[in-house]
Amino acid sequence: LNGGMAMPSWYDIRGLGDRANEACDGIEESRATVKKLIQEQLDEGIPADKMILAGFSQGGALSLYTGLSLEHSIAGIVCMSGYLPFSR
């Protein structure tokens with residue numbers, strides 16, 4: 001896709017087909033960034049059950065991928081026009 005040039009947003013995509021089991025170069029780094037942001041809020045005294053992860057497209061996919069693997073429960077996850085990476 002895109003002549004082999006990287007198209008990073010939250011992570012690079014390789015095609016426009018079924019992305020549920022596609023390699024997502026950079027997604028682990030993006031998940032670490034989101035988890036760091038969540039930890040900063042926890043450190044400021046905001047309880048996890050008052051936090052929501054939300055995103056559109058890749059942001060939604062990253063919200064699902066990150067939110068479903070957190071050590072603590074958050075209030076919710078919103079994914080608009082996205083998918084769950086590595087769901088197969």
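Both backbone and side-chain heavy atoms feed into the values below; hydrogens, waters and symmetry mates do not.
Just one of I38, L64, L62, V78 meets the side chain to side chain contact (heavy atoms under 4.5 Å, CB included) condition when paired with L53; it is I38.
Separation of atoms CG (L42) and NZ (K35) is listed at 11.5 Å; rounding is to 0.5 Å. Y65 contributes atom OH, which lies 13.5 Å from atom CD of Q58 (distance to the nearest 0.5 angstrom). Remark: I74 CD1 to Q41 CD distance equals 12.5 Å, nearest 0.5 Å. Taken from OG1 in T66 to CD in E28, the straight-line distance is 8.5 Å, to the nearest 0.5 Å.
Residue A61 comes nearest to C79 through the heavy atom pair N-SG, 4.0 Å, listed as atom of the first residue, atom of the second, then distance. Contact between I27 and P85 at its shortest, heavy atoms only, is CD1-CG, 3.7 Å. Residues S63 and G55 share a closest heavy-atom pair of OG-N, 3.6 Å. Among all heavy-atom pairs drawn from A48 and H72, the shortest one is CB-CD2, 3.8 Å.
Other residues, nucleotides and ligands place no more than 12 heavy atoms under 6.0 Å from the CD atom of E44.
When side chains are defined from C-beta on, S69 counts as touching R31, because their heavy atoms get closer than 4.5 Å.
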